[in-house]
Amino acid sequence: MKLPPISLKITFLVIVALLTTATAHSQRRTGEATSDKGGKPRIVVLATGSSNTIWTTNVTTATLEDVITQSGRFELIAGAQRDQLLKEQGFNNSQLVDPQQAAKVGKLLSAKYIIIGNALDITSNKRKNPLNLLTGKNDDIGSDIKSKVQIQMIDAETGVVTISKSYEQKITRNINDGSEQDSIREGYRKAMESIAAQFAAEFATSVPTEGLVVLVRNGRVAIDLGSEQVKVGQTFEVYSQDEPIKSASGEILSYITTKYALLQIAEVEPRLSWATVVQTFDQNGTPDPQMKLERIQQKQSVRLVKPSTQKKK
């Protein structure tokens, strides 16, 4: 007996729904990433300044992007993509110092963190020739360029400012190093290089080292973090972030996290690392009596487990 066309369509839709449900359950059982929250955190760098320091934005952005890229731990969002979005959405520099506005930019770019560099003040003070007291002359021998910059790190998902710090740096320029304007610009560039390096050190300790599983073979696990990011002996956790935990107003506060395994780095290459499996866990976080390597899959997220600082009683 032939089924009418409508019955065939309904049967087909039911089958598709069942297959989709089965796939979702399978992913949740094995811990396979169901979203793009894992892997290297995506970073967007923004720069702003007052009407007198707005010319600093390109230097501020470039120096911060350089130090973040050099770490190898983050995925930096391209400047062209960032600038196009700012233009399309009508954001201006004054709005970027507002964490909520900056968080909107981060969410639109699917960034995990937003870094904002804000040039607060730049001053140039003449340096007098110390021989003036003897000769009676009033000639200058250079300038002291003092730069004050505020740098903030914002969690794009929550809009919370996790780092906010002001830096001051003085650069000495000689009288024969170009015009006064050139000296100020070059002084700011050198100051920003030093400031960016200081910020990068603090930034690195504030953000957990994260990556992805790229291969599981013969009981070993390869992750996409190389020698610049990890060391032999470090412990990493294989995990997934599932449904969000929201406040009463709908703001995302955190995510329900499921841990699937602990890994220990055994071998490090320039662009990836090999780890051995220390322990696997079920969905409730209970250690498996016998390790189940099938819980570890490609594209799962991994993050560095910091040693406990608690003193034993």
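This one's a predicted model, so the numbers in the text were calculated from it and none came from an experiment.
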Handout entry: Pairs involving residues 268-281, ordered by first then second residue, that meet salt bridge (charged side-chain N to carboxylate O under 4.0 Å, His left out) (sequence neighbours left out)
Key = none
Between [X] (side chain) and [Y] (backbone), is there a donor-acceptor pair under 3.5 Å?
| X | Y | answer |
| --- | --- | --- |
| Ser227 | Val268 | no |
| Asp282 | Asn284 | yes |
| Arg42 | Leu109 | yes |
| Ser194 | Ala191 | no |
| Asn118 | Gln150 | no |
| Gln229 | Gly226 | yes |
| Thr63 | Glu193 | no |

Where [X] and [Y] come nearest, the two heavy atoms and their spacing:
| X | Y | answer |
| --- | --- | --- |
| Ala103 | Gly159 | CB-CA, 3.9 Å |
| Gly233 | Gln264 | O-NE2, 3.5 Å |
| Val216 | Val213 | CG2-CG1, 3.8 Å |

Practice task
Check step by step if side-chain contact (heavy atoms from CB on, under 4.5 Å) holds for Lys104 and Gln101.
Solution key: CA-CA 5 Å; Lys104 288 181 181 179; Gln101 294 296 329; 3.8 Å; yes
With a 4.5 Å cut-off on side-chain heavy atoms, are [Y] and [X] touching?
| X | Y | answer |
| --- | --- | --- |
| Ser124 | Asp144 | no |
| Ile195 | Ile151 | yes |
| Gln152 | Ile114 | no |
| Phe74 | Ile115 | no |
| Phe281 | Val238 | no |
| Ile43 | Lys112 | no |
| Val230 | Leu304 | no |
| Tyr113 | Ile68 | no |

So how far is it from [X] [atom1] to [Y] [atom2], rounded to the nearest 0.5 Å?
| X | Y | atom1 | atom2 | value |
| --- | --- | --- | --- | --- |
| Leu212 | Gln300 | CG | CD | 10.0 Å |
| Ile223 | Ser301 | CD1 | OG | 11.5 Å |
| Ile171 | Ile145 | CD1 | CD1 | 9.0 Å |
| Leu120 | Thr56 | CG | OG1 | 9.5 Å |
| Glu168 | Asp121 | CD | CG | 8.5 Å |
| Thr257 | Gln241 | OG1 | CD | 4.5 Å |

Handout entry: salt_bridge(Glu186, Arg189) N-O dist < 4.0 Å
Key = yes
Practice task
Indicate yes or no: does Glu210 engage Arg303 in a salt bridge with an N to O separation below 4.0 Å.
Solution key: no
Same cluster (ILVMFWY, side-chain, under 4.5 Å), [X] and [Y]:
| X | Y | result |
| --- | --- | --- |
| Val221 | Val232 | yes |
| Leu46 | Phe199 | no |
| Ile116 | Leu85 | yes |
| Leu64 | Val59 | yes |
| Val214 | Leu263 | no |

Handout entry: Test log, rule side-chain contact (heavy atoms from CB on, under 4.5 Å), inputs Met153 and Val207
Key = CA-CA 10 Å; Met153 181 178 84; Val207 178; 3.8 Å; yes
Practice task
List the steps, then state whether side-chain contact (heavy atoms from CB on, under 4.5 Å) holds for Gln297 with Tyr260.
Solution key: CA-CA 10 Å; Gln297 304 289 330; Tyr260 292 97; over 6 Å; no
Fill in the blank from the handout: Across all chains, not counting sequence neighbours, the ring-ring contact (aromatic ring centres under 6.0 Å, His included) partners of Phe236 are none
The criterion is side-chain contact (heavy atoms from CB on, under 4.5 Å); which residues satisfy it with [X], sequence neighbours excluded?
| X | result |
| --- | --- |
| Glu65 | Val45, Thr61, Leu76, Arg82 |
| Leu293 | Val277 |
| Val67 | Ala196, Ala200 |
| Asn58 | none |

Handout entry: Pair Asp288, Thr280: side-chain N/O donor-acceptor within cut-off below 3.5 Å
Key = yes
Practice task
Please report the C-alpha distance between Thr53 and Tyr188 in whole Å, then the side-chain angles of each, then the deciding distance to 0.1 Å, and finally whether the side-chain contact (heavy atoms from CB on, under 4.5 Å) criterion is met.
Solution key: CA-CA 10 Å; Thr53 63; Tyr188 180 76; over 6 Å; no
